[in-house]
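For reference, the structure is listed below as structure tokens.
One is the number of the first residue; the rest follow in order along the sequence. Values in this document were obtained by computation on a predicted structure and should not be read as measured data.
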Amino acid sequence: MFILIDFIKQMKMNRDLIFHLVLSDLKSKTSRTYLGLLWWVADPVLYMLIFYVLVHLILDRGGPNYPAFLFVGLIPLKWTISCLVDSVTSISSKSRIIQQIYVPKVIFVVVRLLVNTVKFIISMFVLLIFLWLYGIPVTAMFLYMPLIVIVHGFLLLTCMIYLAHLGIYVKDTKNVIQYATRVLLYLSPILYSIESVPRTLVWWIYVNPVTTLIISYRNIFLYQSDVQWGGLAVLSILSLIAFYLGLMLLARYDKQYAKVI
């Protein structure tokens with residue numbers, strides 16, 4: 001319990017540093033492109049169009065409202081992939097700062113999460129506008145979105161801590177994660193619905209935590225039904241336990257990172 005309280009204190013004490021690092025990261029990424037902020041809007045749209053053309057037009061798969069079905073799944077998945085890939089170098093890429101002053105290493109992981117979350121929020125606004133133009137009714141179920149996002153974000157932060165640690169000691173981690181996240185697209189109900197999966201394989205699809213999140217997003221946006229309360233509760237409990245152990249891992253190796261990087 002102490003380590004969780006210490007984490008909260010670290011976030012409060014270093015909130016200015018976190019804000020500066022997040023802002024600096026966002027500015028550097030926009031300054032290197034001609035379109036700047038427009039890429040954050042265009043990116044999710046182009047992402048959806050590519051898969052729509054491939055799956056719906058070329059392969060003739062999908063069904064009614066497939067563009068909306070696809071978009072609702074792709075946006076959360078893209079947030080997941082971006083966070084997992086970026087987390088691998090979240091600590092190792094800050095070697096200059098780490099070797100000069102002491103900064104709690106979890107700060108760098110949180111910064112990467114926040115940077116990608118800003119892009120995710122922009123993408124979600126694009127998604128909401130798309131659903132409105134597509135004729136999807138706005139209902140009270142949309143109010144559950146922040147709850148799903150919080151559970152999703154907490155799960156990502158937990159996974160990112162372990163990947164950041166591995167990224168320091170295992171240099172091939174980023175390459176492995178990039179391939180693993182590509183597989184994640186097909187192991188999650190993004191291009192297909194969970195109802196189309198054979199009953200014998202449904203359980204295995206649900207082993208992937210992204211499945212519960214994607215279905216919950218689709219339930220509130222497309223089907224005006226409840227989120228998967230049981231699944232979200234299990235994810236929250238497991239994430240909290242893993243998060244606690246992850247903070248202990250970072251604390252244990254905290255003084256060694258500067259020597260290894």
Discussion item. For a side-chain contact (heavy atoms from CB on, under 4.5 Å) check, start with the C-alpha distance between Tyr244 and Thr158, then their side-chain angles and the critical distance, and finish with the verdict.
Written reply: CA-CA 9 Å; Tyr244 180 83; Thr158 301; over 6 Å; no
Practice prompt. Using atom types as modelled and distance alone, determine if a side-chain donor or acceptor of Asp6 lies under 3.5 Å from a backbone N or O of Phe2.
Written response: no
Response to the item:
Closest heavy-atom pair, Pro76 versus Val72, reported as atoms and distance to 0.1 Å, is CD-O, 2.9 Å
Response to the item:
One should read off an interatomic distance between Phe142 CZ and Gln224 CD, to the nearest 0.5 angstrom, of 7.0 Å
Worksheet item: Would you say Ser239's side chain and Ser236's backbone share a donor-acceptor pair under 3.5 angstrom?
Response: no
Discussion item. Before you tell me yes or no, could you show the steps for Thr212 and Leu235 under side-chain contact (heavy atoms from CB on, under 4.5 Å), namely the whole-Å CA-CA distance, both residues' side-chain angles and the distance that decides it to 0.1 Å?
Written reply: CA-CA 9 Å; Thr212 297; Leu235 283 182; 4.2 Å; yes
Discussion item. Whether the side chain of Thr139 engages the backbone of Met141 through a donor-acceptor N/O pair (distance < 3.5 Å, no angle test) should be reported.
Written reply: yes
Fill in: Shared hydrophobic cluster, Ile150 / Leu232 (ILVMFWY, side-chain heavy atoms < 4.5 Å)
no
Discussion item. For Ile136 versus Phe221, what's the shortest heavy-atom pair and its separation?
Written reply: CG2-O, 3.1 Å
Worksheet item: Do Ile98 and Val103 touch side chain to side chain, with heavy atoms closer than 4.5 Å?
Response: no
Discussion item. Closer than 3.5 angstrom, by distance alone: can the side chain of Ser24 be matched with the main-chain N or O of His20 as a donor-acceptor pair?
Written reply: no
Worksheet item: Is the closest side-chain heavy-atom distance between Tyr206 and Ile215 below 4.5 Å?
Response: yes
Worksheet entry | Steps toward side-chain contact (heavy atoms from CB on, under 4.5 Å) verdict (Ile161, Leu249) | CA-CA 9 Å; Ile161 288 175; Leu249 178 69; 5.5 Å; no
Discussion item. For Ser93, give me all partners under side chain to side chain donor-acceptor pair (under 3.5 Å), at least two apart in sequence or on another chain.
Written reply: Arg112
Item to complete: Enter the distance from Leu114:CG to Asp25:CG here, rounded to the nearest 0.5 Å.
Response: 10.5 Å
Worksheet item: Under 3.5 Å, is there a donor-acceptor pair between the side chain of Tyr257 and the main chain of Ser95?
Response: no
Worksheet item: Do Ile50 and Leu77 sit in the same hydrophobic cluster, where Ile, Leu, Val, Met, Phe, Trp and Tyr count as joined when their side-chain heavy atoms come under 4.5 Å apart?
Response: no
Response to the item:
For Ile205 and Thr211 the tightest heavy-atom approach is O-OG1, 2.7 Å
Worksheet item: Could you state the interatomic distance from CZ (Arg15) to CZ (Phe19), rounded to the nearest 0.5 Å?
Response: 12.5 Å
Worksheet, complete the sentence: Closest non-hydrogen contact found for Ile3 with Ala251 is CD1-CB, 4.3 Å
Worksheet item: Should we count NZ of Lys9 as having more than 12 external heavy atoms under 6.0 Å?
Response: no
Response to the item:
Residue pairs passing the ring-ring contact (aromatic ring centres under 6.0 Å, His included) test with at least one member in residues 76-97, sequence neighbours excluded, are Trp79-Phe120, Trp79-His152
Worksheet entry | Side-chain donor or acceptor of Tyr144 paired with backbone N/O of Asp226 under 3.5 Å | no
Worksheet item: Can you check whether Ile81's main-chain N or O pairs, donor with acceptor, with Thr181's side chain at less than 3.5 Å?
Response: no
Worksheet item: Heavy-atom distance under 4.5 Å between the side chains of Leu222 and Leu131, does that happen here?
Response: yes
Practice prompt. Find out if a path of hydrophobic residues (ILVMFWY) with successive side-chain heavy-atom gaps under 4.5 Å connects Leu49 to Phe125.
Written response: no
Worksheet item: Hey, quick one: are Leu245 and Leu163 part of the same hydrophobic cluster, counting side-chain heavy atoms closer than 4.5 Å, chains of contacts allowed?
Response: yes
Worksheet item: With side chains defined as the heavy atoms from C-beta onward, is the minimum distance between Ile91 and Leu250 less than 4.5 Å?
Response: yes
Practice prompt. Give a yes or no on whether Val109 and Leu23 share a hydrophobic cluster (residues Ile, Leu, Val, Met, Phe, Trp, Tyr; joining criterion: side-chain heavy atoms under 4.5 Å apart).
Written response: no
Worksheet item: Quick one: does NZ or CZ of Arg218 land under 6.0 Å from the six-membered ring centre of Phe69, within 45 degrees of the ring axis?
Response: yes
Worksheet item: Is there a side-chain contact between Tyr253 and Ile168, using heavy atoms and a 4.5 Å cut-off?
Response: no
Worksheet entry | Value rounded to 0.5 Å, distance of NZ in Lys119 from OG1 in Thr117 | 10.5 Å
Discussion item. Determine whether a donor-acceptor pair (N or O, by modelled atom type, separation under 3.5 Å) exists between the side chain of Ser216 and the backbone of Gln228.
Written reply: yes
Worksheet entry | Side chain proximity check, Val88 to Met160, heavy atoms < 4.5 angstrom | no
Fill in: Heavy-atom side-chain proximity of Leu155 to Leu213 below 4.5 angstrom
yes
Item to complete: Just do the side-chain contact (heavy atoms from CB on, under 4.5 Å) check on Val197 and Val202 with the steps written out, would you?
Response: CA-CA 6 Å; Val197 178; Val202 168; 4.1 Å; yes
Discussion item. Ring centroids only, cut at 6.0 angstrom: are Phe71 and Tyr134 within range, meaning strictly under it?
Written reply: no
Worksheet entry | Parallel, tilted or perpendicular: rings of Tyr169 and His165 (30°, 60°) | tilted
Practice prompt. Identify the heavy atoms of Thr173 and Val170 that sit nearest to each other, and give their distance.
Written response: OG1-O, 2.6 Å
Worksheet entry | Neighbour count >12 (heavy atoms, 6.0 Å) for atom CH2, Trp229 | yes
Discussion item. Treating Tyr192 as the side-chain partner and Tyr186 as the backbone partner, does any N or O pair qualify as donor plus acceptor under 3.5 Å?
Written reply: yes
Discussion item. Please report the interatomic distance CG(Leu127) to CG(Leu74), rounded to the nearest 0.5 Å.
Written reply: 10.0 Å
Response to the item:
Closest non-hydrogen atoms of Gly246 and Tyr162, given as atom of the first, atom of the second and distance, are N-OH, 3.1 Å
Worksheet entry | Distance, nearest 0.5 Å, that separates CE of Met248 from CG of Leu4 | 10.5 Å
